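Some notes on the structure that comes next.
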Amino acid sequence: MEASMLSTGLIQHSLQLQLSPQDLPSTMMNSDMDDSIAFLALEVENQVELEEKTRLINQVLELQHTLEDLSARVDAVKEENLKLKSENQVLGQYIENLMSASSVFQTTDTKSKRK
């Protein structure tokens, strides 16, 4: 077990130093080398999966924040829309009152004027 851990450590160190397997001590047995390479491959795969998960989590969080912002904006627009509708009703009623009070907008009886 210690030899395997030593082999793994040497391989990891050699990868960091960008050494080739030929640069490692020749006393390493082929099975230890195969185990170490398989372990390294698994570690690299795990690291890639972890990075992908982290990227996806960050993307989900960003999308959640965007959704919250859009939802808040929709609520603000709805509120503004209700306010404007109310103001339009008040203005419409005001205009109707002005029109009914003005003689210009009163209906005329054209038959009585012709006689």
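On a predicted model such as this, the values are computed, not experimentally measured, just so you know.
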*Less than 4.5 Å apart, any side-chain heavy atom of L50 and any of N46?*
no
*S100 side chain to N97 backbone, donor-acceptor under 3.5 Å*: yes
*asked:* Does any part of the side chain of E79, heavy atoms only, come nearer than 4.5 Å to the side chain of D75, both counted from C-beta?
replied: no
*Count the heavy atoms of every other residue, nucleotide or ligand shown that sit under 6.0 Å from CD of E51, and state whether that count exceeds 12.*
yes
*Would you say K85 and N88 make side-chain contact, with heavy atoms under 4.5 Å?*
no
*Less than 4.5 Å apart, any side-chain heavy atom of L82 and any of K78?*
no
*Hey, are N58 and E62 close enough side-chain-wise for a donor-acceptor pair under 3.5 Å?*
no
*Once you round to the nearest 0.5 Å, how far does OG1 of T54 lie from CD of E49?*
11.5 Å
*Which value, rounded to the nearest 0.5 Å, describes the distance between L42 atom CG and I37 atom CD1?*
13.5 Å
*Between Q47 and E43, does any side-chain donor sit less than 3.5 Å from a side-chain acceptor?*
no
*Roughly how far apart are D69 CG and Q64 CD, rounded to 0.5 Å?*
12.0 Å
*Between CG on residue N81 and NZ on residue K83, distance to nearest 0.5 Å*: 12.0 Å
